[in-house]
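In what follows, a structure is listed as structure tokens, so that the remarks can point back to it.
Counting from 1, the numbers follow the sequence of the chain as shown. In this text, all values refer to a predicted model and were calculated from it rather than measured experimentally. Counting starts at 1 for both ligands and their atoms, in listed order.
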Amino acid sequence: MDIQEGNKHRLEQLRKIVEREREILIVLHNNPDPDALASALALKYLLREKWGVFSVIAYGGIVGRAENQAMIRHLKIDITPMQKVDVRDFSVIALVDNQPGAGNNPLPGRVQPAIVIDHHEPVRARTRRVKFADIRTDYGSTSSILTEYLKESDIAGIDRKVVTALFYGIKSDTRDLGRGASVKDREAYVFLYPRVLFTTLSRIEHPQLPRDYFKTFEKAIDNAVIYRDALVCELGYIESPDILAEMSDLLVRVEGIRWALSIGEFDGAVYFSLRTVNPRGHSDWIVQKMVEKIGAGGGHHMAAAGRVSLSHGLAKDYRTAVDLLVARFLKRIKRENVPGKSL
Ligand SMILES: [Mn+2]
């Protein structure tokens with residue numbers, strides 16, 4: 001089955017699942033990023049335009065980054081905190097940019113979604129039991145998958161806010177197509193390009209930033225510890241978990257550094273974000289080894305993330321959890337657990 005045949009077939013399957021519904025629930029991962037937000041917006045748009053089905057988009061955690069808040073504001077993405085949603089009101093639930101059992105979405109454990117669209121490793125056991133699962137781990141973003149659906153759906157003149165959201169989703173998840181992007185991501189990007197609202201996009205990508213953000217920057221730089229070519233930055237209590245991805249993105253650019261790991265505490269759990277410059281770095285696998293028996297995580301070759309809840313015996317408090325995570329990380333990348341210079 002070639003990809004276009006595949007998309008046609010998938011739209012057909014989707015139609016069968018949603019066409020009798022008045023409204024479905026689309027669930028984002030906790031602390032949603034632009035790829036998740038764009039994918040949900042596009043799925044909502046597709047279902048409404050194509051089959052007249054409405055959607056509620058729900059999320060867990062918080063939208064922390066100023067860029068993501070700007071995206072929601074400028075592109076008018078309507079999202080609802082999961083606490084305000086009763087899942088029993090919906091017979092069809094969709095997960096985008098994450099999977100059941102991945103440990104990073106707010107869906108109650110027993111609730112099984114009918115639709116899962118994602119690009120993360122590993123493919124979870126529960127995903128295989130979902131009615132409609134489209135997991136493309138070779139794609140750099142879920143937004144690229146949704147772009148293909150919209151392309152296939154023949155909706156005339158796709159809403160330019162949806163186009164702009166998807167374009168930003170691809171751009172930010174693949175770091176301007178340079179990180180884990182496939183030819184499919186490039187094709188989606190080119191397809192969207194002519195109709196992107198670039199002035200709006202620029203406002204989203206370059207918002208004003210709160211002063212706290214710069215304080216965190218200072219702390220990240222102050223706290224950075226280098227283990228040969230791996231940099232570890234431990235931030236203590238953080239305002240929002242998505243700052244960690246940003247710090248790792250920044251710190252992996254330090255000259256001579258090949259790995260950057262940022263760790264922080266938020267809402268009774270330890271979050272971390274890993275980046276490498278190695279396109280075959282297996283970060284997703286390393287993260288899974290780091291959280292073995294204490295948490296959950298996943299991602300891609302060059303970028304991955306995880307979470308450890310502090311109730312576990314092996315990770316009973318923040319300090320113990322951080323030490324364990326760092327030790328496991330260094331073991332996997334075969335670096336000695338002897339800190340060198342700071343930044
Ligand atoms: Mn993604």
Side-chain angles (χ1 to χ4, degrees), residues 26-44 57-61 63-65 67-68 71-72 75 77 79 94-107 113 115-124 127 133-150 162 164-189 192 204-205 241-242 244-246 248-249 271-276 279 281 283-285 287-288 296-307:
I26 302 174
V27 179
L28 303 173
H29 53 70
N30 295 333
N31 318 306
D33 64 9
D35 187 33
L37 291 164
S39 301
L41 179 68
L43 181 60
K44 177 177 174 167
I57 302 174
Y59 71 105
V63 178
R65 291 189 67 205
E67 290 83 346
N68 303 357
M71 179 184 186
I72 288 169
L75 300 178
I77 306 176
I79 62 172
L95 283 185
V96 293
D97 202 39
N98 76 107
Q99 297 175 44
N104 65 338
N105 70 64
L107 208 54
I115 299 165
V116 179
I117 306 167
D118 188 27
H119 68 125
H120 289 97
E121 296 270 19
V123 179
R124 309 284 166 172
T127 301
D134 189 357
I135 316 298
R136 308 187 192 178
T137 57
D138 54 329
Y139 278 45
S141 73
T142 303
S143 294
S144 302
I145 304 173
L146 265 304
T147 302
E148 288 184 14
Y149 288 1
L150 284 176
V162 176
T164 305
L166 288 169
F167 189 77
Y168 183 47
I170 298 171
K171 210 169 174 289
S172 81
D173 247 33
T174 64
R175 216 176 181 175
D176 298 311
L177 294 179
R179 184 178 67 196
S182 68
V183 65
K184 295 298 170 193
D185 298 294
R186 291 201 293 274
E187 282 170 12
Y189 188 95
L192 297 166
I204 293 169
E205 286 190 292
D242 48 17
L244 297 170
E246 199 155 348
S248 289
D249 276 339
Y271 288 80
F272 63 94
S273 170
L274 178 64
R275 296 290 184 270
T276 178
S283 296
D284 55 312
W285 176 80
V287 161
Q288 284 170 65
H300 307 281
H301 272 293
M302 299 176 79
R307 177 183 177 278

Fill in: T147 versus S144, side-chain donor and acceptor atoms under 3.5 Å
no

Practice prompt. Consider only side-chain N and O atoms of N105 and N98, and report whether a donor and an acceptor are under 3.5 Å apart.
Written response: yes

Fill in: Set of side-chain contact (heavy atoms from CB on, under 4.5 Å) partners for R186, sequence neighbours left out
L177, V183

Item to complete: Return the number of protein N, O or S atoms with a distance to the Mn ion (ligand 1) smaller than 2.8 Å.
Response: 4

Discussion item. Side chains of S143 and D35: any donor to acceptor distance under 3.5 Å?
Written reply: yes

Worksheet item: Does any donor atom in the side chain of D134 or Y149 lie under 3.5 Å from an acceptor atom in the other side chain?
Response: yes

Fill in: D97 side chain to S39 side chain, donor-acceptor N/O pair below 3.5 angstrom
no

